[in-house]
Amino acid sequence: MGKPRVIYWFRTDLRLHDSPALKAALDLDPAVLWPVFTWDPHYVYRVKGGVNRWQYLLDCQNDLSESIQKLNSKSKLFVLREAPQTLFPKLFKAWNVTHLVFEKDTDAYAKERDKVVIALAEKAGVQVITRSGRTLWDSDELVAKHGGKPTMSITQLQAAGRKVGQIPRPIPAPTYLPDPGDMPVEFEQDKPDAEPDLNATHRGGNDKTYANIAGPNGDFAIATLQELGFSAEEASTPHRGGETIALKRLQEIFADEEYAATFQKPKTNPAAFEPQSTTLLSPMLHFGALSPRLFYWRAQDLVEKYGKGASTPPESLTGQLLFRDMYFAAQAAIGPPFAQTLNNSYCRFIPWHLPSKAEATDAGSTAVSGSYHVDSPQAERWFRRWKAGATGFPFVDALMRQLRAEGWIHHLGRHAVACFLTRGGCYVHWERGADVFEEWLLDHEPACNAGNWQWLSCTAFYSQYFRCYSPVAFGQKWDRKGEFVRRWVPELRGLDERFIYEPWKASRAALDKAGVRIEGDGLGGGEDGTYPAPMFDFAERRSACMAAMKRAYSIGLYGNDDRVKDGTWKELFEKAGETEMEGLDGGSDDDDDGKHADDAEYRKERGIGAGKHVRSQSAATKEGPMDRFAKKLRT
DNA sequence: TGAGGCGTTGCCCAC
DNA sequence: CGTGGGCAACGCCTC
């Protein structure tokens, strides 16, 4: 028996420091080691993500590859363009591989994929070694110590964590890497099915990802945005990825000992920009360019040194990392339904507008499909305006525009827009908002995204729905002068600070002076110099939503309830006098364009009469309530 | 056991 | 400018 010939498979651990899996690979004392990344078509085609996130991923890969080359000039990150499920059996044979080593992944798809790859490796006589490294503790161990149940609060997470044991200290980056072996790829390439391509709109149709298994030049190079079919010019974020930047940023954060030791998340400013008030390290954690345990111990050691006056979990820096582990462990226990309401026994059923369509899965259960019912044309329009940053509420619009442009907004900003879309304004399903965040956030982490949307919509983790973010007051609390709004909603730049959060209250003279007209719905590229009136009366929507939440809580259904699946939930809500619910929204201020062909079918399927409009607000005219409100205030 | 206190991050107004 | 109570009142944990 010769020395091991090892493939180290990089996935969501694009770093050299503190990698338990990489250490395990090197502990084998390999004769050869191939650092490999495979383009998995699931992420290329089936997970929606804008250009900014692809750029960030490539940043991380490029930086890692350079770091590998510094350790061994013969090596680098070798990128292969094929699905791992078909590629690895061929590589095992062609490269005469003895071991496959990788860091455990935690997401639903990745777990299934890895199960397949492990089975294929065993069949080929290749030994598989995996290590946990994505979280502070192994999520499966946390669940086991928590009685097999999801961790639904930070105290539960901490209790489970104490039972698992101390968070491991970070492992230093390796100081050497073995040479890679030969890399023949004279086998047939299995090309994936490129349809459906959820990123087609971002990609522009020039995708060449799978043209050549070893890349355009046959040298296993990191892909370019161009090769993946994206236009580099469309990348609009200033945030760039990579382990080198992550470690530098970590140094900077901890160089300011007072900032790091006394950090209290709820007291950081969501309207701060240049510089932002938090660490910007969440995307680095997502791509594995930064180890959460390195971050944790830097913070914890500092807090102990700092002594009195240091902040504590859950508000402190370490607290933020604990929340991340809480969501990962909740996801580990609940499984795929964690990302949805349906079949999720920990998620309340609320009859939000724009509910997901369900489809049967192989397992015979049902899962959400990504598309949704347009039960209310009005809610659909509110949702589109929310996504476009054209709600007419400047603070919400600024946040949504920053999110689209930069792929990052402050955590409290996420709270404000999430509350607004769901329980505190539009009464639109949290899964719609989660879809948008998935597409735009650089740090999109399925577990954290689903968990936070459930939190903010008061469907799980949190239940104080009467605490509602105001799109006006919340922004004002942090940024009285409206600098953040001016940065992202330039059409309002010249407006007096008395009106910057409520332009509908400005006089004609004040609007003229600022060079802005309150006009249109902000969709379809509106005219220059206009900004829309608010799309509804917030106070009215706030109380309608709160009353609806109260009824939904008293009815008390959860996502796994049979009545949720068979549609009989509707009777319960009608009996309770609910009007703010899917299928019962008149949406009468909207002349629907008939694009939503499923409407009629959906109403029929759920037994909802098309003419049964029982909205309390008087929206019988084309003029929305806010228009009247604005007029009243202007005169 | 039932009551009381607390929970990462609300708003508004009085003082 | 900071603080504290009311708002209307959830679920969970503790005593």
Side-chain angles (χ1 to χ4, degrees), chain A residues 136 146-147 149-162 260 262-272 276-279 282 296 299 303 310-327 330 345-350 393 395-396 399 409-425 448 451-481 501-502 537-559:
Chain A
L136 300 175
H146 193 54
K149 289 182 180 151
T151 47
M152 298 304 287
S153 71
I154 207 68
T155 49
Q156 289 178 5
L157 182 276
Q158 286 171 306
R162 277 192 292 272
T262 64
F263 182 94
Q264 287 178 279
K265 185 67 156 283
K267 293 188 181 164
T268 57
N269 183 350
Q276 294 90 340
S277 60
T278 50
T279 68
S282 50
Y296 179 89
V303 159
S311 54
T312 54
E315 296 183 335
S316 63
L317 282 177
T318 55
Q320 309 315 300
L321 293 162
L322 294 174
F323 273 112
R324 184 171 173 273
D325 262 51
M326 179 187 81
Y327 289 134
S345 61
Y346 287 83
C347 183
R348 285 178 182 281
F349 172 78
I350 314 277
F393 293 95
F395 187 61
V396 172
L399 286 162
I409 52 177
H410 187 278
H411 190 67
L412 292 180
R414 300 180 196 198
H415 280 214
V417 299
C419 180
F420 184 87
L421 181 71
T422 59
R423 66 182 167 86
C448 300
N452 278 318
W453 274 96
Q454 288 171 47
W455 184 301
L456 262 298
S457 62
C458 288
T459 46
F461 297 99
Y462 187 74
S463 53
Q464 289 172 260
Y465 55 77
F466 45 87
R467 292 190 181 170
C468 180
Y469 291 82
S470 157
V472 173
F474 190 67
Q476 280 172 334
K477 174 176 152 188
W478 296 102
D479 178 16
R480 180 61 56 179
K481 292 182 174 167
Y501 289 95
E502 303 166 282
D537 178 340
F538 175 70
E540 196 175 286
R541 290 300 307 163
R542 181 185 177 277
S543 50
C545 286
M546 225 175 261
M549 289 298 288
K550 188 177 172 179
R551 281 187 289 269
Y553 263 67
S554 71
I555 290 167
L557 298 182
Y558 283 82

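Labels below follow one simple rule: chain letters A, B, ... track the order of the sequence lines, proteins then strands, and each chain is numbered from 1.
- In terms of modelled atom types and a separation under 3.5 Å, the side chain of A:Tyr501 and the main chain of A:Gly475 share a donor-acceptor contact.
- Using a 4.0 Å heavy-atom criterion, one finds that A:Gln264 contacts no nucleic acid atom at all.
- To the nearest whole angstrom, the two P atoms, one in C:dA9 and one in B:dT1, are 27 Å apart.
- Rounded to an integer number of Å, the gap from NZ of A:Lys550 to C1' of C:dA8 is 7 Å.
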Once Watson-Crick and G-U wobble pairs under 3.5 Å are found, how is DNA chain B written in dot-bracket notation, 5' to 3', with | for any base paired to another strand? .||||||..||||||
Apply side-chain contact (heavy atoms from CB on, under 4.5 Å) to residues A:Gln276 and A:His410 and explain how you reach the verdict. CA-CA 8 Å; A:Gln276 294 90 340; A:His410 187 278; over 6 Å; no
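- Nearer to the 5' terminus of DNA chain C, by closest-nucleotide assignment, is the contact made by A:Arg542 (compared with the other of A:Arg542 and A:Gln464).
- Between the CD1 atom of A:Ile555 and the C1' atom of C:dC10 there is a distance of 16 Å, rounded to whole Å.
- Under the 3.5 Å distance criterion, the side-chain polar atoms of A:Gln264 are left unmatched by any main-chain donor or acceptor of A:Ser316.
- Rounded to a whole Å, the OH atom of A:Tyr469 is 8 Å from the P atom of B:dC11.
- Listed candidates were C:dC10, B:dT8, B:dC11. Nearest to the side chain of A:Ala473 is B:dC11.
- Residue A:Tyr465 comes nearest to A:Lys550 through the heavy atom pair OH-CA, 3.3 Å, listed as atom of the first residue, atom of the second, then distance.
- Within 4.0 Å (heavy atoms only), A:Trp478 reaches no atom of the nucleic acid at all.
- One can place CG of A:Leu157 at 16 Å from C1' of C:dC12, the figure rounded to the nearest angstrom.
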Step-by-step side-chain contact (heavy atoms from CB on, under 4.5 Å) determination, A:Gln476 to A:Glu502: CA-CA 10 Å; A:Gln476 280 172 334; A:Glu502 303 166 282; 4.0 Å; yes
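- We find that the ring of A:Phe323 and the base of B:dT8 stack, their centres lying under 5.5 angstrom apart and their planes tilted less than 30°.
- The closest donor-acceptor contact from the side chain of A:Thr151 to the backbone of A:Met326 lies under 3.5 Å.
- In this structure, A:Ser463 has no side-chain hydrogen bond (donor to acceptor under 3.5 Å, both in side chains) partners at least two apart in sequence or on a different chain.
- Between A:Leu136 and A:Leu322 the shortest heavy-atom distance is CD1-CD2, 3.9 Å.
- If you take NZ of A:Lys477 and P of C:dG2, they are 12 Å apart, rounded to a whole angstrom.
- Comparing the P positions of C:dA8 and B:dA3 gives an interatomic distance of 22 Å, to the nearest angstrom.
- B:dT9 atom P lies 22 Å from atom CG of A:Asp479, rounded to whole Å.
- Residue contacts for A:Arg348: at a heavy-atom cut-off of 4.0 Å it reaches the sugar-phosphate backbone alone, with no base atom in range.
- Counting only heavy atoms from C-beta on, A:Phe466 has its side chain closest to C:dA9 among B:dT9, C:dA9, B:dG10.
- One P atom belongs to C:dG5, the other to B:dG5, and the distance between them is 13 Å to the nearest Å.
- Across B:dT9 and C:dC1, the matching P atoms stand 25 Å from one another, rounded to whole Å.
- Side-chain proximity of A:Lys265 to the nucleotides C:dA9, B:dG10, B:dT8 is greatest for B:dT8.
- If you measure from atom CZ of A:Arg467 to atom P of C:dA9, you get 14 Å, rounded to the nearest angstrom.
- With rounding to whole Å, A:Gln156 atom CD is found 18 Å from B:dC6 atom P.
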